[in-house]
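Quick notes on the structure that follows.
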Amino acid sequence: MAQITKDQIADTLESIAQMLEIKGENVFKIRAYTNAARALETYTGNIAAAAGEGRLGEIAGVGKAIAEKITELVATGQLDYFEKLKAEFPPGLFEMFELQGLGPKKIKVLWEALNVTTVPELEKACKDGRVADLPGFGKKTSDNILGAIEARTKFAGRFRLGSIAAEAERMVSELRELPDVFRATIAGSFRRRKEVVGDLDFIVATNSPAEVSEFFVKHEMVESVIAHGATKSSVRFKSGIQADLRVVKSAEYPFALNYFTGSKEHNIVMRQRALTRGWTLNEYRLAALDNARSTPPPITDEPDLYRALDLDFVEPELREDRGEFAAAEAHTLPDLIETENLRGTFHNHTTASDGRSTLAEMAEAAQELGLQYLGIADHSKSSVQAHGLETDRLLAQIAEIKVLNANYDGHFRIFTGSEVDIHKDGSLDFPDHLLEHLDYVVASIHSSFTLSEAEMTKRIIRAMENPHVTMLGHVTGRLLLSRDGYAVDVPAVIEAAAATGTMIELNANPKRLDMDWRWWPRAKEKGVACVINPDAHHTSHLQFLHFGIGIARKGWLTRTDVVNCLPLGQIEAVLSAKRARRK
DNA sequence: GCCGTTTTCGGCCCGACTGTTTTCAGTCG
């Protein structure tokens, strides 16, 4: 029996919560299950080990009852309570939760009054008028359900940051241009630079709320209007993403910005901190309660708000309730890396393998971006599908780079590298005597994705033990929203990276963003160096570095944790450090 | 069901919008 994963356990807890909702259980009990599911999703420890050693209670949000259920799931692969609960409901019922505007109460009525238990049955019941006739429903509700069914099939509901960034930034800059708009920002998970976002939240401070809302819902990017009120409007953009607009008064802006930036977990702690001071915090104000011993200070921006709660300013990327409050209290928050700190980058392709820009074009684009160096790492020979380089072509590329470098007289440099395939057994696609000729080597997996976690981990660690392997490319191989990463013991890989002096890549391609931001604090703690690489296959992809910076910031990294912040004069020694320590 | 610097009992974030209702329930974030 395959070991049950953390995500599967979280899904089970979510399902329990949904079933309890339909049953009309105590809302706080339901919340306890969803809280526990969320807590598991962000837990980075080994869940099976924690269960075996009775340490599940250490996870905030997991108490005695849920710990017992997780333990049973880990030990037997299933949960009696869950199976019995599931038997009370028709299986198709849960798909209905995915429909916007439909919640547990309405689902229960549809089931009990009309015996509707699947989305197709629901569609039929709406079309023949049975839903509209239900008490508490009506024609509009019926039509909205049909609209939600259509939207669900058309849009998966989750979007990579990279796919919607242009649309989001266009909207916010146009909002800023409107008369009477004082401030406008994209809040939400976009501002926190999550790798995948579900919707966009725009916050606007204005004295003309009606005009701003009107502009928003009538914008040419808007496909349909979901809601249009005095202070809140929701639309769906043509790309499929839902976008919400909140219009507030200037004085309310810092509170709205903070509230709608989240995360939900971060907000809960903020509110609680206000409450312990006798104040109440919401999206409009920080105000004294009746029993307050003092009045809150005036707040004009977000840093004021944090200061009022005795905290250093917490950058949006860190607002995930993963330790930022303790650090903000102790004045130990990191000085996060910024895009301007980058001096070069390493994992880039050219037309020699599967890139679409030439070596010269890539070098020119890097200089235009203000970078001092660019590493070229085309695929190795085994990556036939990517036109990987044979030995001769690699040596020719090295010679070509030498010629280009001679023309830069020291102010810019191209480093010679290769993205070498890691074979199934952990050996590399090029022999050491060839790798020796390169300034650096990126080792990556592009085949045999289905090895067991133990085999995959062993394979990667063996590759890192090669003294020529400077950095490990895309650690899990995940493709966001389309392919899960291969099974790999990330903490063991981090340990091995520290032991061998191998850097770990933060692949900044918005489809990857791998290694995941949740692991970087651990890598940093172990002393593993991060290298942010765009995995560029075109000159325009160098812009991906910006997404990588967002993830590095979410991972608490500073400029000193990221090697490609080093200037040209210092980077060479770092690239050769691992080889040097073997000699 | 979880949790504890007022608590082992009694809290648990709360405001906006929609639709159906005629003062509010359901849903969402």
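By convention in this document, chain letters (A, B, ...) are assigned in the order of the sequence lines, proteins followed by strands, and residues within each chain are numbered from 1.
Between B:dC14 and A:Tyr259, no contact under 4.0 Å exists linking OP1 or OP2 to a side-chain N or O. A sub-4.0 Å separation between OP1 or OP2 of B:dC13 and a side-chain N or O of A:Arg31 is present. Distances shown here put every side-chain N or O of A:Asn35 at or beyond 4.0 Å from the OP1 or OP2 atom of B:dG1.
Both tests do not hold together for A:Arg192 against A:Phe190: distance to the six-membered ring centre under 6.0 Å, angle to the ring axis within 45°. Stacking of A:Lys6 on the aromatic ring of A:Tyr43 is not recorded, the 6.0 Å distance cut-off and the 45° axial limit not both being met.
Rounded to a whole angstrom, the distance from the P atom of B:dT21 to that of B:dT27 is 15 Å. Here, B:dT7 and B:dG1 have their P atoms 25 Å apart, quoted to the whole Å.
Checking B:dC28, B:dC17, B:dC2 against the side-chain heavy atoms of A:Thr231 singles out B:dC17 as nearest. With B:dC28, B:dC13, B:dT27 as the choices, the nucleotide that has an atom nearest any side-chain atom of A:Ile268 turns out to be B:dC13.
Listed by first then second residue, pairs satisfying salt bridge (charged side-chain N to carboxylate O under 4.0 Å, His left out) with a partner in residues 175-190 of chain A number zero, not counting sequence neighbours.
Whole-Å rounding puts the A:Trp279 CH2 to B:dC14 C1' distance at 20 Å.
Counting non-hydrogen atoms under 4.0 angstrom, A:Gln100 reaches the backbone sugars and phosphates but no base.
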